[in-house]
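Chain A is the first sequence line, chain B the second, and so forth, proteins listed ahead of strands; every chain is numbered from 1.
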Amino acid sequence: MVTNETAGRHVAGGPRITRRRLLAYAAATPTLSVVVKLADAVVGPGGAPPAGAQVAGIVDFTDALTLAAAPTQHLLVVEVTAENRVVARLPRAEVGQGITTAVAQIVADEIGARLEDTDVVLEDARPELLWNQLTGGSNTVHALYTPLRVAAAGARARLITAAARRWGVSASGLVTADTTVTGPGGRSATFGELSAAAASVTVPAVPAVPKDPSQHTLIGQPTTRIDARDIVTGKARYTQDLPIPDALTCVVARPPTLGGTVRSVDDRAARAVPGVVDVVRIPTGVAVVAETFDQALAGRDALVVDWNPGPAAHLSDADVRSRLRGAVLPYLPAPGMRVVEHAFDFAFVPHAPMEVLNCVADVRSDRAELWLSAKSPIVTAQTVALTVGLPVDRVTVHVVRGGGSFGRRLFFDPAPEAALVSKAVGRPVRLLWTRNDDMRHGRLRPASHHRARATLLLGNPIGYEHRMASVTLDGSHGLGELLSAVGLEALGVVGQAMFHLTQHDLYRLGIQTRSLREVDLPFPTGSWRSVFSGQVRTVDEVMVDQIARSMGQDPVAFRRAKLRSARLRAVLDKVATEGQWGRPMEPGTAQGVGLHEEYKSVVAYLVELDARDPSRPRVTGAVAAVDVGRAINPRGLEAQLQGALVDALSVILQAGVHIDGGAIREGSYADFRYARMRDTPPQVEVHVMPPTGEPGGAGELGVPAASAAVANAWARATGTVPTSFPIVDVAP
Amino acid sequence: MPRHTFELNGETVTVDAPDDANLLWVLRDVLGVTGPKYGCGVGVCKACTSHLDGAAFQPCTMTVAECAGRSVTTIEGLADGDRLHPVQQAWIDEDVAQCGYCQPGQIMAAVALLAENPSPTDDDIDQIDNVCRCGTYVRIRKAIHRAAAAM
Ligand code: FES
Ligand code: FES
């Protein structure tokens with residue numbers, strides 16, 4: 001069960017409030033609550049060293065995130081309640097990536113509990129966690145795998161010690177399973193019965209060392225989401241579903257252009273709309289507060305606002321494209337060499353999560369309380385504190401389950417808005433972005449231009465260069481500070497740092513360079529699932545296909561010969577075999593492959609594309625093979641890779657947005673052509689490779705490789721190298 | 001304030017609301033039935049999909065007056081007490097959900113499809129227009145086939 005323990009704070013009665021009270025008293029009553037004691041994790045036969053300890057130098061972005069989280073891992077909490085519940089308090093956001101299920105598996109397995117007895121609670125913003133409460137970089141499982149096991153092992157050792165004392169037997173013969181300690185003579189006691197006694201154990205009588213992976217019974221097992229039943233019955237609660245008594249609803253009139261501001265407003269008609277309670281000017285627009293959302297929407301429509309144009313009002317797609325192209329220097333001629341050279345453009349892509357941005361805020365003179373799905377809740381709390389003029393310790397941010405994110409919820413735009421409005425009206429406010437707001441004032445994967453060139457001498461690649469220009473990536477949700485905290489200021493601004501920490505050579509292609517020029521244009525940008533890799537890897541993999549083609553080689557055979565790592569070769573071989581690479585296909589249809597390595601994981605996709613009608617291409621089948629080191633939940637991993645394929649085929653084939661006079665033209669899923677059922681393959685096979693090490697990341701992993709595979713399939717099906725994405729560009 | 005009486009998940013409910021009050025907000029804000037989700041408010045995303053007299057519809061495109069005297073079923077009214085509808089069970093068995101936000105609407109769309117067409121082909125399933133931004137389509141498809149077989 002996933003609970004948002006604070007969600008029920010205002011509800012009269014019900015199990016949620018019971019939980020809340022129990023946890024609130026946990027510090028005062030002798031209920032077992034164990035934090036990560038790295039000292040407990042003296043490396044035993046199976047004990048892994050604490051996360052971070054093995055990071056000698058920062059090799060990639062995953063290391064940076066893990067290292068940044070390391071100093072505060074001891075603040076993670078695993079609790080055992082008198083009600084026989086094991087509770088992990090997770091300082092991350094669940095937005096569909098399945099981390100609550102993975103964490104429940106890890107903790108339940110290590111402590112010896114049943115999965116059904118294990119709860120994962122999304123932690124409120126805890127500023128003392130510093131860099132360890134940022135959900136991004138597909139880093140949650142990688143960074144928390146060991147600390148969570150250490151905490152759970154500490155709790156297990158204390159429960160066993162308490163049972164041994166109670167029964168007067170040696171602790172070494174006792175075991176935990178099914179949320180129960182059992183011992184000689186058929187003795188048994190539930191964790192709940194032992195939790196009070198266990199809480200007073202200071203030095204456990206058995207080592208608190210994580211189990212050897214060979215003893216795992218839940219980790220590695222395909223596991224259905226722990227909240228699946230709540231979701232299919234409609235019980236799962238998102239921010240706007242929380243019952244917050246006395247709350248008013250709120251929508252905001254926003255400018256016709258990005259970043260536009262209010263010149264003047266006549267709100268008389270709006271105030272006359274029945275149910276409208278107040279109209280409040282905020283920096284981003286004019287907020288209308290009403291009893292119900294349709295009253296707020298009617299009030300918003302009745303506003304007469306004169307807007308100042310936003311800073312991008314002089315820019316349309318063609319301007320963006322030419323600015324980006326101008327930022328990439330052409331290559332000098334390479335006399336005597338054969339070159340393979342292509343240029344590529346990628347459109348802006350919105351995150352467009354299914355649950356629009358929204359927030360509930362209750363701001364009083366001396367405190368503020370907010371509810372939202374926040375991936376950077378500490379920065380959210382700090383920002384709200386500044387916005388409403390409160391000390392940060394008077395601001396509570398509750399992290400609520402989110403309806404998708406894809407990077408979007410790293411930014412918390414509706415939080416200061418809702419806080420300002422609540423402060424103005426003196427009541428709790430449920431602020432909702434409409435779908436139009438979300439599409440037209442959301443953030444964007446930066447548009448980019450790429451120029452890549454391979455140089456061949458005597459038919460062999462001796463060099464590869466990839467120059468990228470991108471609209472500047474905004475990392476102001478705390479990423480810059482995080483990178484400084486681990487000593488990476490030298491890499492420059494966030495975009496440069498991310499780029500250089502994430503882009504690597506997968507192939508032996510001679511001397512390779514990749515560079516990023518960021519172009520400052522006034523568009524709101526943000527990390528979009530896999531950040532730069534979605535574009536960079538697509539370009540690199542399309543180029544690899546074209547290099548192979550120019551050498552008269554098969555793309556898979558060429559990759560096999562040039563790949564640097566055996567892990568990558570293994571996933572490539574797997575998809576080639578399972579997907580029957582090279583099978584005869586009809587004209588206008590083709591296979592394509594793509595590979596990616598990031599987050600300590602590797603993946604390959606093989607897709608089949610039907611482009612017989614080039615205006616309506618459809619991916620008809622796909623096979624993926626993935627090696628994440630150690631999959632905690634192969635079932636959830638499969639879902640991530642299936643979903644990543646849908647993202648990929650959407651943004652490669654048909655979905656992007658258009659900029660017109662500083663405004664985003666698309667306004668909903670009617671014109672932002674994210675894939676529907678009919679655009680997706682009926683079968684997507686995912687092969688999870690056997691464990692090769694510690695768990696890596698998976699949430700974003702699939703997007704770059706799948707994007708590349710779709711683009712390569714297009715080139716092979718149509719005989720045309722795709723150079724502009726989305727390939728089928730339909731302006732609304 | 002006009003009164004509107006309709007059947008909601010098997011119970012008769014009466015609400016005081018203007019005739020043109022949007023049904024989605026009446027369900028969510030007035031009646032506290034939050035299973036139907038807001039995703040666009042204009043009938044495009046289908047996240048709010050529920051049933052009106054047994055057929056799929058989008059409450060965000062209906063006024064409360066239009067459903068007076070009719071029967072509305074939301075995701076909350078689909079299971080028979082603790083016994084899940086076969087489509088809900090199939091959703092769990094295939095572990096369809098990711099973020100879950102679109103799934104009440106997806107399930108209601110699938111139930112309506114199966115009521116009309118007890119053994120839909122892949123082409124029939126392709127007609128479902130509900131957006132899933134997490135891209136769970138391949139498992140939705142499997143779950144519909146599984147539910148069809150079970151029913
Ligand atoms: S909210 Fe009703 S269709 Fe989108
Ligand atoms: S499960 Fe997230 S939108 Fe469908």
Side-chain angles (χ1 to χ4, degrees), chain A residues 94-98 222-225 227-238 240-241 243 249 274 291-294 297 352-356 401-406 432 434-435 635-636 639-640 642-647 650 668-670 674-684, chain B residues 17-18 20-22 24-26 28-30 32-42 44-45 47 74-76 78-79 84-85 87-89 91-104 107 122-123 125-142:
Chain A
E94 170 68 55
V95 289
Q97 74 280 53
T223 303
T224 300
R225 285 190 70 100
D227 49 359
R229 194 180 171 100
D230 282 352
I231 288 172
V232 304
T233 51
K235 289 202 182 79
R237 279 187 171 159
Y238 304 81
Q240 291 296 328
D241 303 336
T249 65
E291 299 291 345
T292 70
F293 273 115
D294 51 352
L297 288 162
M354 201 70 209
E355 180 198 8
V356 290
R401 115 193 349 265
S405 168
F406 319 102
L432 180 77
T434 65
R435 175 59 62 193
R635 210 167 192 203
Q640 287 306 307
Q642 290 170 335
L645 173 72
V646 178
D647 274 8
S650 295
S668 79
Y669 296 115
Y674 190 81
R676 306 295 214 276
M677 181 72 81
R678 61 180 169 277
D679 304 309
T680 60
Q683 287 288 338
V684 181
Chain B
D20 63 351
N22 184 294
L24 179 60
W25 300 125
V26 170
R28 293 183 50 88
D29 291 351
V30 181
V33 175
T34 55
K37 302 297 181 221
Y38 170 87
C40 71
V42 291
V44 167
C45 74
T74 68
I75 189 74
E76 287 93 338
L78 193 59
L84 295 180
H85 187 281
V87 171
Q88 289 170 308
Q89 188 56 51
W91 243 249
I92 293 179
D93 294 341
E94 293 293 342
D95 201 23
V96 171
Q98 282 178 222
C99 80
Y101 195 80
C102 73
Q103 301 300 347
I107 290 169
D122 277 342
D123 285 346
I125 293 171
D126 277 352
Q127 303 314 309
I128 296 178
D129 202 31
N130 293 47
V131 177
C132 174
R133 179 60 185 82
C134 296
T136 64
Y137 299 114
V138 69
R139 297 190 304 285
I140 291 175
R141 189 187 295 276
K142 278 171 110 175

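The structure places OG1 of A/T680 at 7.0 Å from CG of B/D126, a figure rounded to the nearest 0.5 Å. Note that OG1 of B/T34 and NZ of A/K235 are 11.0 Å apart. Values are rounded to the nearest 0.5 Å. Between atom OG1 of residue A/T249 and atom CG of residue B/D29 there is a gap of 6.5 Å, rounded to the nearest 0.5 Å. Note that the CD1 atom of B/I92 and the OG1 atom of A/T233 stand 7.5 Å from one another [nearest 0.5 Å]. The CD atom of B/Q98 sits 13.5 Å away from the CE atom of A/M354 when rounded to the nearest 0.5 Å. Atom CG of A/D647 and atom SG of B/C134 lie 8.5 Å apart (nearest 0.5 Å).
No part of A/S650 comes within reach of chain B, as not one of its non-hydrogen atoms sits under 4.5 angstrom from that chain. Residue A/Q240 touches chain B through both its backbone and its side chain, counting heavy-atom pairs closer than 4.5 Å. Heavy atoms of B/L24 lying under 4.5 Å from chain A are absent altogether. Using a 4.5 Å cut-off between heavy atoms, A/V95 contacts chain B through its backbone alone, with no side-chain atom that close. Heavy atoms of B/A97 lying under 4.5 Å from chain A belong to its backbone as well as its side chain. Using a 4.5 Å cut-off between heavy atoms, B/E76 contacts chain A through both its backbone and its side chain. For A/P353, the part lying near chain B is the backbone, with the side chain staying farther off; criterion is any non-hydrogen pair under 4.5 Å. Contacts of B/R141 with chain A are made by both backbone and side-chain atoms, with heavy-atom separations under 4.5 Å. For B/D93, the part sitting under 4.5 Å from any heavy atom of chain A is the backbone (N, CA, C, O) and nothing else. Only the side chain of A/S668 comes within contact range of chain B, with heavy atoms under 4.5 Å apart. There is no contact between A/L645 and chain B, counting heavy-atom distances below 4.5 Å. The part of A/P681 that comes within reach of chain B is its backbone (N, CA, C, O), which places non-hydrogen atoms under 4.5 angstrom from that chain.
Checked by atom type and distance alone, the side chain of A/D294 pairs as donor or acceptor with a backbone atom of B/N22 at under 3.5 Å. Here the side chain of B/Y38 pairs a donor or acceptor atom with the backbone of A/R435 at under 3.5 angstrom. Without hydrogens or angle criteria, A/Y238 side chain to B/Y101 main chain gives a donor-acceptor distance under 3.5 Å. At least one donor-acceptor pair under 3.5 Å links the side chain of B/Y137 to the backbone N or O of A/A675. At least one donor-acceptor pair closer than 3.5 Å links the side chain of B/Q88 to the backbone N or O of A/V232. B/D95 places no side-chain N or O within 3.5 Å of a backbone atom of A/G636 that could act as its donor or acceptor partner.
Using cut-offs of 30° and 60° for the angle between ring planes, the B/W25 and A/F293 rings count as tilted.
With chain A as partner, the option from B/G41, B/A79, B/C40 having the largest number of non-hydrogen pairs under 4.5 angstrom is B/C40. When each of B/V96, B/I107, B/D20, B/V131 is scored by its heavy-atom pairs under 4.5 Å with chain A, the top score falls to B/V131. Among B/V42, B/V44, B/N130, the residue making the largest number of heavy-atom pairs under 4.5 Å with chain A is B/V44. The greatest number of non-hydrogen atom pairs below 4.5 Å with chain A, out of B/K37, B/E94, B/Q103, is found for B/K37. Your options are A/I231, A/D679, A/T292, A/V684, and the one with the most heavy-atom pairs under 4.5 Å with chain B is A/I231. Between chain A and the options B/D122, B/I128, B/L84, heavy-atom pairs under 4.5 Å are most frequent for B/L84. Interface summary for chain B: among A/R229, A/Q683, A/Q640, A/E291, the most heavy-atom pairs under 4.5 angstrom belong to A/R229. When B/P18, B/G32, B/C45, B/P104 are compared by the number of non-hydrogen pairs under 4.5 Å with chain A, B/C45 comes out ahead.
Across every non-hydrogen atom of A/G402 and B/C99, the tightest pair is O-CB, 3.6 Å.
In summary, B/D129 and A/R676 engage in a salt bridge, as defined by a charged side-chain N under 4.0 Å from a carboxylate O. A salt bridge is defined here as a Lys NZ or Arg NE, NH1 or NH2 lying under 4.0 Å from an Asp or Glu carboxylate O, and B/R28 with A/D241 meets this definition.
Cation-pi check for B/R133 over A/Y674 is met; the charged atom lies under 6.0 angstrom from the ring centroid and within 45 degrees of its normal.
Side-chain atoms of B/Q127 and A/R678 include no donor-acceptor pair closer than 3.5 Å.
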